[in-house]
Amino acid sequence: MNITLPDGNVRQLPQGATALDLANNISKSLAKVSIAARIDGELRDLTLPLHDGAKVAIITRDMPEALEIIRHDAAHIMAEAVQALYPGTQVTIGPAIENGFYYDFARDTPFTPEDLEKIEAKMRQIIAADKPFTREVWDRNKAIQHFESIGEKYKAMIIQDLPQTETITIYRQGDWYDLCRGPHLPSTGKVGNGFKLMRVAGAYWRGDAKNAQLQRIYGTAWRNETELKTHLTQLEEAEKRDHRRLGREMELFHLQDDAAGSIFWHPHGWTLYRTLENYIRARIQHDGYVEVKTPQLVNSSMFMKSGHWDMYGDKMFRVILDEETMFGIKPMNCPCHVQVYNQGMKSYRDLPIRMAEFGSCHRNEPSGSLHGIMRVRGFVQDDAHIFCREDQVMAESLKYCAMQMKVYEDLGFPTENVNIKLALRPDVRGGTDEVWDKAEDGLRKALTAAGMKFEEIPNEGAFYGPKIEFHLTDAIGRVWQCGTLQLDFVLPERLDANYIGEDGNKHRPVMLHRAMLGSMERFIGIMIEHFSGKFPLWLAPLQVVVAGITNDMDEYTHEVLAACKAAGLRADIDIRNEKINYKIREHSLKKVPLMLVVGKKEAENKTVALRRLGGESQEVISLADAIAKLKQEAKTPLEK
RNA sequence: GCUGCUGUAGCUCAGUGGUAGAGCACGUCAUUGGUAAUGACGGGGUCGGAGUUUCGAUUACUCUCAGCAGCACCA
């Protein structure tokens with residue numbers, strides 16, 4: 001039979017030959033490192049017989065697909081180890097994930113960290129035994145019956161839910177076997193030693209909190225021990241960038257038990273916050289927005305009208321005045337903005353109205369979801385609502401997306417750091433299907449017109465409309481939703497917003513909800529991690545430290561400081577009785593971008609020694625030149 | 001909210017059924033120095049909170065609060 005290789009070459013092999021035979025046919029050394037095959041585009045076992053005319057690519061250990069298979073195999077081996085050590089534990093699912101794998105087990109007693117060590121040791125035994133993985137095709141009903149009979153109820157359920165057309169395959173490694181689509185490595189030994197069990201956690205069966213909670217064990221797995229080590233080192237490095245740690249070290253903010261989920265901003269952190277806020281303010285002014293400020297405390301009746309009370313009332317902070325009066329602390333700004341809109345008559349000529357607010361919101365987020373300043377209970381949205389006519393939706397969406405990407409770029413997140421998703425209608429929602437069709441299509445068209453790559457995610461939209469989500473990733477790979485654009489036909493209806501059209505009749509405006517940073521707090525957290533605290537000069541809370549070498553030139557040091565401040569630089573002075581090495585180390589650790597060192601020579605010549613953070617050398621220039629230069633460098637992206 | 005783990009000085013952490021220790025940080029003194037740690041001395045803790053057992057609890061147990069990881073949630 002003829003087999004086509006990726007390079008187009010055709011090889012002749014006897015009937016019944018496998019991908020492994022093919023690899024051997026090509027070269028012995030290839031066969032040694034091959035672990036699977038891509039047959040007609042699908043990953044398959046090396047030991048499956050090929051068919052005539054198949055297109056086959058041999059997957060070797062160094063290919064990305066290999067890692068996925070290694071991780072999946074590690075999950076199987078872990079499951080065997082767990083069932084050997086803890087009889088009665090049921091297996092459920094165990095996929096490969098980014099950097100590793102996990103397996104969910106059903107067991108009444110949770111696993112302890114000590115259990116993990118034992119499981120890992122057992123896994124190494126199974127790997128050392130180098131048991132071959134073999135594939136078997138089972139009859140669907142027999143498989144269900146079999147798994148039920150041995151008490152593996154979850155496996156039986158999984159098979160039951162597989163489509164009728166799916167072939168039921170079982171993979172065996174020695175005496176142990178598991179339902180699995182495959183493919184697998186030729187044998188357990190091929191997994192190698194580049195893995196480590198990381199942690200235990202609870203996880204709901206099928207990801208639903210209404211279901212039983214399973215015990216999930218996470219592991220990381222790599223091609224070899226060197227790669228594993230590299231990964232573990234990267235994790236340590238990421239920890240050093242953690243915004244919670246840098247926030248403390250750089251004196252940006254702190255959190256404490258008494259106000260769980262709220263932030264105490266310190267002077268440096270608040271400077272950073274205001275710099276960011278002012279940048280956004282300048283941006284939106286430039287794009288024709290007006291800024292408003294609306295109440296924190298709003299009678300619950302407004303949220304009942306808007307529909308938020310039904311959806312989220314239990315997560316709102318409430319202020320009960322008397323038996324009849326209950327206020328909610330606003331969890332978002334939209335209903336309030338509609339109130340501002342509703343004051344006075346609006347003409348079609350007034351639209352679009354782009355109404356912005358740095359809106360302070362509070363939500364009683366579940367305790368387990370709180371995370372540093374990224375997920376908090378008190379936060380500020382760089383929020384805005386664009387009230388417009390239907391025929392303006394496209395233009396407004398495009399205008400917004402353009403500004404959004406520009407802002408991310410200015411803040412150090414070029415396009416490749418941003419993931420865009422289009423979240424479609426959820427099960428529980430307001431508005432008719434017709435309206436949703438229109439809304440979803442509107443956003444889809446806008447994204448396409450803007451030439452932006454996006455992924456559609458079903459069921460993830462807000463109750464009043466679909467949304468475009470802009471996602472950024474933090475230091476340890478966690479993904480956070482920041483910017484958003486939501487198209488809403490529902491709230492204007494519920495809160496009775498209208499305008500007088502060209503025809504003299506009342507019409508409903510469309511509302512575009514949008515935020516670029518999302519929450520100021522979250523965005524600052526992401527920026528801290530993104531820059532490892534080393535902010536671009538215009539954002540750095542403290543831009544310059546003027547440090548004297550000895551106290552003899554204190555007078556000149558003060559002169560330099562005054563010049564910095566006069567130029568609008570955020571500057572501080574260090575004339576402590578410490579050595580210059582000590583001062584440089586200290587301010588470097590606090591990530592101050594610039595230091596102006598002055599000693600005897602500088603004082604005599606009216607110069608400064610300019611040292612940049614992390615720099616090896618320094619530049620001696622006149623004070624006047626230095627100030628002019630830094631003033632230019634410290635300009636915001638909008639000023640440049 | 002759920003599962004597991006954790007909570008001792010500002011930070012990182014050690015330790016014990018008989019009222020606690022290190023390094024760094026902080027303070028004082030000496031030192032006035034050229035680009036990532038000068039030296040000496042010193043101060044500092046109701047051992048997250050409440051309760052139970054005990055002659056005695058920071059240590060054991062219960063409850064509670066908070067944090068961490070994951071899951072779920074995220075208008």
Side-chain angles (χ1 to χ4, degrees), chain A residues 102 104 109-113 115-116 198-218 242 244-245 248-249 251 254-261 303 306-316 330-335 361 363-372 375 379 381 383 426 430 460-465 467 469 476 478 480-481 484 486 488 491 513 518-519 522 547-554 575-589 595 597-602 609-618 620:
Chain A
Y102 68 78
D104 285 348
T109 334
F111 296 106
T112 64
D115 291 337
L116 286 198
M198 302 297 278
R199 60 179 72 92
V200 214
Y204 300 106
W205 167 240
R206 289 187 166 144
D208 190 333
K210 289 194 277 288
N211 291 338
Q213 195 164 37
L214 308 168
Q215 305 293 323
R216 174 174 298 180
I217 302 179
Y218 280 95
D242 193 305
R244 293 164 292 188
R245 177 186 179 135
R248 186 182 58 237
E249 288 174 0
E251 300 174 71
H254 86 270
L255 301 155
Q256 68 184 56
D257 294 3
D258 311 80
F303 298 113
S306 71
H308 287 91
W309 194 268
D310 278 349
M311 292 294 295
Y312 301 106
D314 56 330
K315 287 199 177 146
M316 278 176 60
K330 77 169 167 186
M332 25 84 247
N333 310 297
C334 4
C361 297
R363 297 176 185 175
N364 194 1
E365 301 283 10
S367 57
S369 69
L370 300 181
H371 180 83
R375 186 82 185 267
F379 58 97
Q381 293 177 320
D383 204 2
E460 298 287 323
F463 73 86
Y464 49 72
K467 53 181 181 173
E469 299 177 354
I476 48 178
R478 277 186 280 218
W480 299 91
Q481 183 195 309
T484 180
Q486 304 168 12
D488 179 6
L491 275 189
H513 305 239
S519 117
R522 171 177 303 174
I549 290 179
T550 73
N551 289 108
D552 294 341
M553 56 280 312
D554 280 0
I575 49 173
R576 290 174 303 169
N577 175 10
E578 295 292 350
K579 289 189 172 180
I580 195 65
N581 281 328
Y582 182 88
K583 295 181 184 180
I584 285 167
R585 177 181 156 80
E586 201 173 89
H587 300 299
S588 296
L589 287 174
M595 285 190 74
V597 178
V598 298
K600 210 170 168 185
K601 283 180 279 179
E602 287 79 9
L610 171 61
R611 186 201 155 92
R612 292 173 191 275
L613 178 57
E616 303 262 303
S617 60
Q618 61 283 342
V620 180

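Chain identifiers are assigned alphabetically (A, B, ...) following the order of the sequence lines, protein sequences preceding nucleic acid strands; residue numbering begins at 1 within each chain.
Side-chain N/O atoms of A:Asp554 and A:Asn551 include a donor and acceptor closer than 3.5 Å.
Closest approach to the A:Arg216 side chain among B:A75, B:G70, B:C2 is made by B:G70 (side chain taken as heavy atoms from C-beta onward). The listed nucleotides are B:G33, B:A37, B:C71; the one nearest the side chain of A:Arg585 is B:A37. Set against B:U3, B:G33, B:A36, the side chain of A:Pro110 has B:U3 as its closest nucleotide.
Neither OP1 nor OP2 of B:G67 sits under 4.0 Å from any side-chain N or O of A:Arg248. OP1 or OP2 of B:G33 has not a single side-chain nitrogen or oxygen of A:Thr550 nearer than 4.0 Å. Applying the 4.0 Å criterion to OP1 and OP2 of B:A75, one finds that A:Lys467 has a side-chain N or O inside that range. Side-chain nitrogen and oxygen atoms of A:Tyr204 include none within less than 4.0 Å of the OP1 or OP2 phosphate oxygen of B:G70. Note on A:His254: every side-chain N or O is 4.0 Å or more away from OP1 and OP2 of B:G10.
Applying the salt bridge (Lys or Arg N to Asp or Glu O under 4.0 Å) criterion to A:Arg585, with sequence neighbours excluded, gives no partner residue. Partners of A:Gln256 under the side-chain contact (heavy atoms from CB on, under 4.5 Å) rule, at least two apart in sequence or in another chain, are A:His254, A:Asp258, A:Phe264. In this structure A:Ser369 satisfies the side-chain contact (heavy atoms from CB on, under 4.5 Å) test together with A:Glu365, A:Pro366, A:Arg375, sequence neighbours excluded. Not a single salt bridge (Lys or Arg N to Asp or Glu O under 4.0 Å) links A:Arg248 to another residue, sequence neighbours left out. Legend: residues meeting ring-ring contact (aromatic ring centres under 6.0 Å, His included) with A:Tyr204, ordered by chain and number and at least two apart, are absent. Under the side-chain contact (heavy atoms from CB on, under 4.5 Å) criterion, A:Thr550 pairs with A:Asp552, A:Met553, sequence neighbours left out. Looking at residues two or more places apart in sequence or on another chain, you find a salt bridge (Lys or Arg N to Asp or Glu O under 4.0 Å) between A:Glu586 and A:Arg576. Looking at residues two or more places apart in sequence or on another chain, you find no salt bridge (Lys or Arg N to Asp or Glu O under 4.0 Å) involving A:Asp488.
We find that CE of A:Met198 is positioned 17 Å from C1' of B:C71, with the value rounded to whole Å. In this structure, A:His587 atom NE2 and B:U35 atom P are separated by 16 Å, rounded to whole Å.
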Find every protein N or O atom lying less than 3.5 Å from an N or O atom of nucleotides 60-64 of chain B, and list the pairs.
none

Polar-atom pairs under 3.5 Å, protein N or O versus N or O of nucleotides 27-30 of chain B: list them with distances, or write none.
none

Between the protein and nucleotides 41-51 of chain B, are there any N/O to N/O pairs under 3.5 Å, and if so, what are the atom names and distances?
none

Dot-bracket for RNA chain B, please, read 5' to 3', with Watson-Crick or G-U wobble pairs under 3.5 Å on both distances, ( ) within the strand, [ ] crossing, | other strand, . unpaired.
(((((((..((((....[..)))).(((((.......))))).....(((((..]....))))))))))))....
Test log, rule salt bridge (Lys or Arg N to Asp or Glu O under 4.0 Å), inputs A:Arg206 and A:Asp208:
CA-CA 6 Å; A:Arg206 289 187 166 144; A:Asp208 190 333; over 6 Å; no
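Counting any heavy atom pair closer than 4.0 Å across all strands shown, A:Arg611 reaches a base atom. Residue contacts shown for A:Lys583 are absent, as no nucleic acid heavy atom lies under 4.0 Å away.
For A:Glu602 against B:G34, a side-chain-to-base donor-acceptor contact under 3.5 Å is present.
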